[in-house]
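In what follows, a structure is listed as structure tokens, so that the remarks can point back to it.
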Amino acid sequence: MAEAYIVDAARTAGGRRNGKLAGWHPADLGGEVLNALVDRTGVDPAAIDDVIMGCVTQAGEQAFAFGRNAVLASKLPDSVPAVTIDRQCGSSQQAVQFAAQAVMSGMQDIVIAAGVESMTRVPMFSNVTLHQKAGLGVGPFSDRIKARYGVEAFSQFVGAEMIARNYGFDRETLDRFALESHRRAALATRAGAFETEIVPVPVETSDGIRPHVQDEGIRYDATLESIGSVKLLQEGGVISAANASQICDGASGALIVSERALKTHNLTPIARIHAMMVTAGDPVIMLEEPIRATRRALERAGMTIGDIDIYEVNEAFAPIPLAWLQAIGGDPAKLNVNGGAIALGHPLGATGAKLMATLIHALRARGLRFGLQTMCEGGGIANVTIIEAL
């Protein structure tokens with residue numbers, strides 16, 4: 001079978017809600033990452049066959065063929081097409097997998113998989129709530145769907161609480177995991193571990209225009225007491241904003257090519273796509289599917305979890321990676337080695353390619369070989385991508 005190679009993977013540093021990236025139109029932010037991939041790899045921008053852009057809240061500034069708008073806001077020629085996809089939190093991880101599939105099929109040679117989400121300028125759920133406020137329609141869940149599953153709506157918050165209860169996680173366990181996410185992210189930042197993956201973005205500061213190169217969400221002074229003081233999202237629950245992912249603005253991308261493109265354009269790969277999987281299950285508990293998807297991906301690849309050197313499991317809520325570890329039998333020392341979304345933020349449509357960038361660069365920095373990335377997604381879906389660092 002033909003191979004798909006990653007020549008580079010990069011991301012912006014995360015911006016807090018109303019933070020340093022709030023002044024950036026999301027199409028321009030996406031354009032910055034596209035430009036960076038061209039500049040960092042030296043690829044001929046006219047040779048790019050397609051751009052696959054993940055974005056979850058496709059409304060307002062992230063509407064109207066958003067991926068194409070990111071291309072138009074970049075230095076890429078307008079001959080480069082683009083498409084926007086929504087697989088919820090896994091949107092840009094799916095973009096990576098679609099790009100790899102296009103290359104492996106022989107239909108295309110150079111594809112950019114990317115993702116953008118400005119959660120400041122296009123708030124989460126605004127593509128639903130603004131219609132509700134205008135009295136348009138009845139929402140995304142029809143009466144037929146509600147009757148089939150016996151619920152009025154599907155909620156990621158409810159799903160996270162269900163998983164915590166099913167796996168026996170109390171609040172202190174979740175808060176300790178959150179604290180470790182901040183600790184690892186702080187250590188990684190201070191050690192310069194993110195420097196090779198971050199695309200500097202100029203922002204207005206009190207000292208003038210400065211490059212934004214450091215994730216804003218990390219709490220360097222976090223303690224178990226400070227995390228434990230945050231109000232719970234529901235009475236009697238265990239989930240708080242402090243042990244869940246942070247609202248975040250950001251963009252990310254990866255340049256994925258065929259072996260023919262490597263030779264034709266004199267490109268050097270940093271990783272190879274080893275295996276891919278997407279599965280779906282219970283939409284009510286919703287966020288448990290990475291467990292089944294991981295098992296299927298490992299089986300298909302002929303691997304065990306012991307063969308994997310580092311895993312990135314998105315920290316949408318602390319119970320998700322903890323349940324995954326427990327069910328899969330993973331090593332906590334290999335999980336989210338540079339921190340996760342609880343500290344670094346979860347810019348929805350950008351998170352998939354963002355985690356891919358972090359995973360590849362973490363493997364290469366340590367001289368390790370195999371990495372696994374998985375993401376829980378709305379509707380009870382999960383993606384798994386296994387890569388080999390080169």
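Below, each value reflects all heavy atoms present in this structure, side chains not excepted, and no hydrogens, waters or symmetry copies. In this chain, residues are counted from 1 in sequence order.
In this structure a side-chain-to-backbone donor-acceptor pair under 3.5 Å is missing from Glu32 to Val199. Here the side chain of Tyr311 pairs a donor or acceptor atom with the backbone of Asp331 at under 3.5 angstrom. Between the side chain of Ser245 and the backbone N or O of Ala316, at least one donor-acceptor pair lies under 3.5 Å. Side chain of Asn383 to backbone of Thr374: no donor-acceptor contact under 3.5 angstrom is found. Panel note: side chain Asn35, backbone Ser74; no donor-acceptor pair is recorded below 3.5 Å. Looking at Asn243, its side chain does come within 3.5 Å of a backbone N or O of Ser240 through a donor-acceptor pair. In this structure, the side chain of Glu315 engages the main chain of Ile342 through a donor-acceptor pair within 3.5 Å. Looking at Glu388, its side chain never comes within 3.5 Å of a backbone N or O of Ala271 through a donor-acceptor pair. Side-chain atoms of Asp109 do not come within 3.5 Å of backbone N or O of Ser258 as any donor-acceptor pair. Looking only at distances, a side-chain donor or acceptor of Ser181 sits under 3.5 Å from a matching main-chain atom of Gly340.
Proximity of Cys248 to His346: side-chain heavy atoms (C-beta onward) are nowhere separated by under 4.5 Å. Residues Ile6 and Arg272 fail the side-chain proximity criterion, which asks for heavy atoms closer than 4.5 Å. Counting heavy atoms from C-beta on, the side chains of Gln132 and Val128 come closer than 4.5 Å. The side-chain heavy atoms of Gln93 and Met356, taken from C-beta on, include no pair separated by under 4.5 Å. Between Val337 and Arg366, some side-chain heavy-atom pair lies under the 4.5 Å cut-off. At least one side-chain heavy atom of Phe66 sits under 4.5 Å from a side-chain heavy atom of Pro26. No side-chain heavy atom of Val158 sits less than 4.5 Å from a side-chain heavy atom of Val284. Put simply, the side chain of Leu348 reaches to within 4.5 Å of the side chain of Met124, judged on heavy atoms.
Proximity of the aromatic rings of Phe141 and Tyr149 is defined here by a centroid distance below 6.0 angstrom, and this criterion is not met.
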Report task. List the steps, then state whether salt bridge (charged side-chain N to carboxylate O under 4.0 Å, His left out) holds for Asp39 with Lys75. Result -> CA-CA 10 Å; Asp39 292 341; Lys75 65 172 66 174; 2.8 Å; yes
Query raised in the report: Does the side-chain contact (heavy atoms from CB on, under 4.5 Å) test come out yes or no for Leu359 and Leu363, once each step is laid out?
Result: CA-CA 6 Å; Leu359 178 59; Leu363 285 166; 4.2 Å; yes
Requested in this report: Could you walk me through whether Arg296 and Glu299 pass the salt bridge (charged side-chain N to carboxylate O under 4.0 Å, His left out) test, one step at a time?
Outcome: CA-CA 5 Å; Arg296 287 193 58 190; Glu299 180 182 5; over 6 Å; no
Query raised in the report: Given Ser226 and Ser229, is the side-chain hydrogen bond (donor to acceptor under 3.5 Å, both in side chains) satisfied, shown in steps?
Result: CA-CA 5 Å; Ser226 65; Ser229 69; 5.9 Å; no
Query - Verdict with supporting geometry, Tyr167 and Glu288, side-chain contact (heavy atoms from CB on, under 4.5 Å) - result: CA-CA 11 Å; Tyr167 285 83; Glu288 196 174 23; 2.7 Å; yes
Query - From CA spacing to verdict: side-chain contact (heavy atoms from CB on, under 4.5 Å), Asp78, Arg68 - result: CA-CA 9 Å; Asp78 57 19; Arg68 175 61 172 167; 3.8 Å; yes
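Between Ala251 and Leu29, the closest heavy-atom pair is CB-O, 3.8 Å. The two residues Ala9 and Ile270 come nearest to each other via the heavy atoms N-CD1, 4.0 Å. Shown here for Ile273 and Ala100, the closest heavy-atom pair between the two residues is CG1-CB, 4.0 Å. Closest approach of Pro319 and Ile239 over heavy atoms only: CG-CD1, 3.5 Å. Residue Phe177 comes nearest to Ala318 through the heavy atom pair CD2-CB, 3.9 Å, listed as atom of the first residue, atom of the second, then distance. Closest approach of Val56 to Cys89, counting heavy atoms only: CG2-N, 4.2 Å.
Under a hydrophobic clustering in which Ile, Leu, Val, Met, Phe, Trp and Tyr are joined whenever their side-chain heavy atoms come within less than 4.5 Å, directly or via other members, Ile85 and Met277 fall into different clusters. A chain of hydrophobic side-chain contacts below 4.5 Å, direct or via other Ile, Leu, Val, Met, Phe, Trp or Tyr residues, connects Leu325 to Ile291. Hydrophobic clustering keeps Leu34 apart from Leu21 (ILVMFWY residues linked when any side-chain heavy atoms are closer than 4.5 Å, directly or through intermediates). Note on Leu262: it clusters hydrophobically with Ile112, by side-chain heavy-atom contacts below 4.5 Å among ILVMFWY residues.
In summary, the side chains of Glu61 and Ser118 do not present any donor paired with an acceptor at a separation below 3.5 Å, with no hydrogens or angles considered. If you check the side chains of Thr129 and Ser126, you find no donor sitting under 3.5 Å from an acceptor. A side-chain donor from one of Asp249 and Thr120 sits under 3.5 Å from a side-chain acceptor of the other. Side chain to side chain, Glu377 and Gln94 fail the donor-acceptor criterion of an N or O pair below 3.5 Å. Side-chain contact of Asp86 with Gln88: a donor-acceptor pair under 3.5 Å is present, judged by distance alone. Between the side chains of Glu289 and Thr279, at least one donor N or O sits under 3.5 Å from an acceptor N or O.
The CD1 atom of Ile48 sits 7.0 Å away from the CD1 atom of Ile110 when rounded to the nearest 0.5 Å. Annotation: the span from Leu187 atom CG to His182 atom NE2 amounts to 13.0 Å, rounded to 0.5 Å. Considering CG of Leu298 and CG of Asp307, their distance stands at 8.0 Å, rounded to 0.5 Å. From Lys334, atom NZ reaches atom CD1 of Ile305 across 7.5 Å, with rounding to the nearest 0.5 Å. To the nearest 0.5 Å, the span separating CG on Leu355 from CD1 on Ile360 amounts to 11.0 Å. A distance of 9.5 Å separates CD1 of Ile256 from CD of Gln97, quoted to the nearest 0.5 Å.
Annotation: Met107, atom CE; neighbour count of heavy atoms from other residues, nucleotides and ligands within 6.0 Å does not exceed 12. Under a cut-off of 6.0 angstrom, the local environment of NE2 in His131 is sparse, with at most 12 non-hydrogen atoms contributed by other residues, nucleotides or ligands. Within a 6.0 Å sphere centred on CZ of Phe64, other residues, nucleotides and ligands contribute 12 heavy atoms or fewer. Within a 6.0 Å sphere centred on CZ of Arg260, heavy atoms belonging to other residues, nucleotides or ligands number 12 at most. Within a 6.0 Å radius of CZ in Arg210, other residues, nucleotides and ligands contribute more than 12 heavy atoms.
Figure legend: cation-pi geometry between Arg11 and Phe194, with NZ or CZ positioned under 6.0 Å from the six-membered ring centre and within 45° of its axis.
Salt-bridge annotation for Arg369 and Asp309: absent, with no side-chain N of the basic residue lying under 4.0 Å from a carboxylate O of the acidic one. The residues Glu180 and Arg184 are annotated as salt-bridged, a charged nitrogen and a carboxylate oxygen being separated by less than 4.0 angstrom.
Val38 pairs in a side chain to side chain contact (heavy atoms under 4.5 Å, CB included) with only one of the listed residues (Asp44, Val43, Val33), which is Val43.
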